[in-house]
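Data block below; observations after.
What's counted below: heavy atoms across the whole structure, side chains too, no hydrogens, waters or symmetry copies. For this chain, numbers begin at 1 and follow the sequence in order.
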Amino acid sequence: EIINLLLSKISNEITIYNPSNGDIIQAICMALVIRCRIIDYDIEKLEKIVNERLKIAFSDAKNAEVNEPLSGNS
């Protein structure tokens, strides 16, 4: 649900602000780091967890089968 909420919000805002994909990726990264800093936990351990999850997510994306052509704004 959180992913759907984020992607929906990004899609809605794109029509207003027309950001580049780089701007969107940078904003998501900044939000992730800010969220990690808010959490009352060792920032070094959080960084390790985030890096591991990103590596797995990118690996999964590379191996995923695309059923439909990519379209849309986000």
Side-chain angles (χ1 to χ4, degrees):
E1 289 183 31
I2 294 172
I3 292 172
N4 286 333
L5 175 67
L6 289 170
L7 292 176
S8 176
K9 185 64 175 170
I10 290 168
S11 292
N12 291 340
E13 296 300 316
I14 282 175
T15 60
I16 299 170
Y17 297 108
N18 197 28
S20 69
N21 287 322
D23 290 337
I24 294 168
I25 291 168
Q26 182 178 12
I28 291 169
C29 290
M30 291 170 65
L32 175 61
V33 170
I34 291 166
R35 182 64 193 164
C36 286
R37 202 61 185 133
I38 291 170
I39 298 169
D40 185 23
Y41 193 70
D42 183 340
I43 191 72
E44 300 292 330
K45 290 179 182 176
L46 284 172
E47 181 181 14
K48 184 178 178 184
I49 291 167
V50 168
N51 286 333
E52 289 171 357
R53 296 302 121 212
L54 277 174
K55 186 174 183 176
I56 291 168
F58 272 102
S59 177
D60 290 346
K62 291 173 189 174
N63 295 321
E65 181 180 325
V66 177
N67 294 327
E68 297 179 20
L70 298 176
S71 64
N73 296 322
S74 61

Hey, are the side chains of Ile10 and Ile28 touching, using non-hydrogen atoms and a 4.5 Å cut-off?
-> yes
Heavy-atom donor-acceptor pair, Ser8 side chain to Leu5 backbone, under 3.5 Å | no
Please report the shortest heavy-atom distance between Cys36 and Leu46, naming the atom on each side.
-> O-CD1, 3.2 Å
Hey, quick one: are Ile24 and Leu32 part of the same hydrophobic cluster, counting side-chain heavy atoms closer than 4.5 Å, chains of contacts allowed?
-> no
Any side-chain heavy-atom pair from Met30 and Gln26 closer than 4.5 angstrom?
-> yes
One should read off an interatomic distance between Ile39 CD1 and Lys45 NZ, to the nearest 0.5 angstrom, of 14.0 Å
Ile3 CD1: over 12 foreign heavy atoms closer than 6.0 Å = no
Quick one: does Ser59's side chain have a donor or acceptor within less than 3.5 Å of a partner on Lys55's backbone?
-> no
